[in-house]
Amino acid sequence: MISLIAQITTGDDLLVAQNIFWWFFALVTVLAGIKVVTTDNIVHAALYLVIVLAGVAVQFVFLGSEFAAVTQVLVYIGAIVVLLLFGIMLTRGSLGDDQLVDTERRGMGALVALLLFGLMAFSLVDGFEDVVLPEDTRNLIEVEVPIDTDIDDDEFIRTQRGSDTAAIGDTIFESYIVPFEAVSVLLLAALIGAVVIARKE
Amino acid sequence: MDFSAALPVADVVAFNRPAIDWHAASPELILLGFGALLTLVDVIFLDRAKQYTAALAGIGLLVTMVPILTLANDMSETGPRVMFDGAYVIDEFSLIMKAIFILSGYVVILLSTNYIAEGDYWESEYYGLMLSAILGMVVMASSRDLISIFVAFELLSIPSYMLATWKKRSLESNEAGLKYYLMGVFASAIMLYGMSLLFGASGETILTKVNASLSSDPLTGESLSSSTPVLTLAVIFVIVGFAFKVSAAPFHNWAPDTYSGAPIPVTAFLAVASKIAGFVALVQLVFVGFYARADVFQPLMWILAAASMIIGNLIALRQTDIVRLMAYSGVAQAGFILAPLAVAGDVGDQALASIVSYLAIYAAMNLGAFAVILAAARKTGSTSIESMNGLFSYAPGLAVAMTIFMFALAGIPPLGGWFAKFQIFFAVVEQGGTWAIILGVLLAVNSVIALYYYASVARRIWADQAPDGDLTPIRIPPSLGAALVLTVVATLVFGFLPGAVSQFTDVGLIAGG
């Protein structure tokens, strides 16, 4: 599936279908993001967050980085949102009595968000407006093309991008071994500290 | 069975075992080993091990100093040791900073020994978290790569959040931990966003390569000045993240509440080790990562330095609690340390050397001040400035020590602080531009303002009457006494023999690999 999309992205023509889907998922993500902060019900907010995070995962698929997409689904939707829902469940009396999630400073918050959005949109557009990504030549593999068997032998074989997952795995244990080990210490320390803090005396 | 045919990817990517310089990595590994040992001893011996955990943590830190000294000894022959393409570098700067982290961590453990045991807090977990935070700092001192810097930053922050809330039965401590945590993760998020922009603009995570691609386009050789807004935003976001950590104004509002609520040894740890770690990250980013773009980071540093000095000092004048006073004085000190970064693009080495000596001296005098506050609070049970009244009449030794630390912090010769402040001032004025001169004037004016509140603490200690006329002396346990002696000696040596510190801190520009 992934290599298919990667093939499409390296083509020269304007890709109508891909563009339509890109805009569709981008709009869904943004609308769900707005609902996360405007809805009054905290459980609904958490569920809208699932849509936002899934939308980001879809964008990773469009970029041909399937590892980031799967990680996004596993970590964010699978772990963080579930944790959030557990947190809501354990800290509220019952699911029935919904106190409204709102704040008097929503005007101020909206203003700051708009300003930050304007600032970042301007500088991102200004910085990357004309940038054309070079074709990704890393990690190419040769595959046989199974159709049109009666043409010349050479055209059986074509190159396309392989999966990045193995490369990511190797990089973690090559150049990023120090941060990787540091993260493992970090997780253990966080676990021990959390047990101490959460524990009843 | 042979699966390789079914997995075409496996032939493409070959795993290269990275070359690891075990001597260079040994301080981290020893620290890690002692952390693991501490946890194991606790699991196996349970309560019987409780009385030895503090000593074990302290010994771990002292043993870690051995490879640092041998590495420093070899440095003149081998030069900087570079690992992983320049992502992890052992040079003079990193060794000095590692030594400062480990020694200040050792003093914090001396401060904690009786405090944690007598307060009936969780003991071995406390030292385990302390060691892992120090490990994060030690890793930070060598990290020359965005990912390593971020991970090291989290490794030193997350245990600190939990240590700040270690007095679980105290609401103030809970508030301290929660505030620190919320502000800290907010700052991390901003910093990470800045790093992602930096990666987007440069396509690299290793700082030297980031610097190279920020200065000119690698393909055409053209300047990338068209993307200055993106770079500015990236640099601002990254620096803001670390400005929270070093409690520079206007990102300082967590500091007073967290400092006064947290256990006092943890406050000392946050005010010294954790703050220095933030500066180490900033210095590495500025001198290795952004050095080509002085036009972007210098104005930002100027504003942060000036705001921190002015805001910190003016609010410190009105404090009635000694820990909150130290918090605001810490904000002002952060402004002093940031000042050379505002001229770093022009004076280079000199700015770096002045920051390193300030950090070494700052660690000694600030830890000492917290040791005295801790000792005085053992009797008075309070941290208000009034509780220090008449300290001289019942604890003359503590009174002399506190006076030394206060005047050192104010920068009165011949105590440690004067040399630090003098070097900072000299580096800033050396640049000679109008803005540098204005910053120099601000430094001078703020030194005078700071003298007022530091001296008023000293006046209370010597001239005022003890509250309720209670003159029972303070019993100082041996570990606290050792911490006091160490910090007093360091402050005096740095003051009388500034050559002793500048000989070590006179580092050349940081090696990037």
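Every chain is numbered from 1 and lettered A, B, ... according to where its sequence line falls, protein lines coming before strand lines.
Heavy-atom pairs under 4.5 Å with chain B peak, among V185(A), I192(A), T171(A), at V185(A).
The two atoms that bring K168(B) and V196(A) nearest to each other are NZ-O, 2.7 Å, heavy atoms only. Of all non-hydrogen atoms in L129(B) and A189(A), the two that sit nearest each other are CD2-O, 3.3 Å.
Side-chain contact of Y176(A) with S148(B): a donor-acceptor pair under 3.5 Å is absent, judged by distance alone.
Contact of L233(B) with chain A is made through the side chain alone, with heavy-atom distances under 4.5 Å. Looking at L32(B), the atoms closer than 4.5 Å to chain A (heavy atoms on both sides) all sit in the side chain, from C-beta outward. At a 4.5 Å heavy-atom cutoff, F180(A) makes no contact with chain B through either its backbone or its side chain. The part of L135(B) that comes within reach of chain A is its side chain, from C-beta onward, which places non-hydrogen atoms under 4.5 angstrom from that chain. Of the atoms belonging to Y126(B), not a single heavy atom falls under 4.5 Å from chain A. Using a 4.5 Å cut-off between heavy atoms, T39(B) contacts chain A through its side chain alone, with no backbone atom that close. Both the backbone and the side chain of L124(A) come within contact range of chain B, each with at least one heavy atom under 4.5 Å from a heavy atom of that chain. Interface remark: S143(B) contributes no atoms to any contact with chain A (heavy atom separation under 4.5 Å). In this structure, chain A has a heavy atom under 4.5 Å from the side chain of F237(B), while its backbone stays farther away. With a 4.5 angstrom heavy-atom cutoff, N174(B) does not touch chain A via any of its atoms.
Taking CE from M120(A) and OH from Y193(B), the interatomic distance works out to 4.0 Å, rounded to the nearest 0.5 Å. For the atom pair CG of L197(B) and OG of S123(A), the computed distance is 7.0 Å after rounding to the nearest 0.5 Å. In this structure, CD1 on I206(B) lies 7.0 Å from OG on S175(A), to the nearest 0.5 angstrom. Distance check: I197(A) CD1 to Y161(B) OH gives 12.5 Å after rounding to the nearest 0.5 Å.
Contact annotation: the side chain of R199(A) approaches that of W122(B) to within less than 4.5 Å [non-hydrogen atoms, C-beta and beyond].
Atom OH of Y121(B) has more than 12 heavy atoms from other residues, nucleotides or ligands within 6.0 Å. Residue-environment remark: OH (Y181(B)) stays at or below the threshold of 12 foreign heavy atoms within 6.0 Å.
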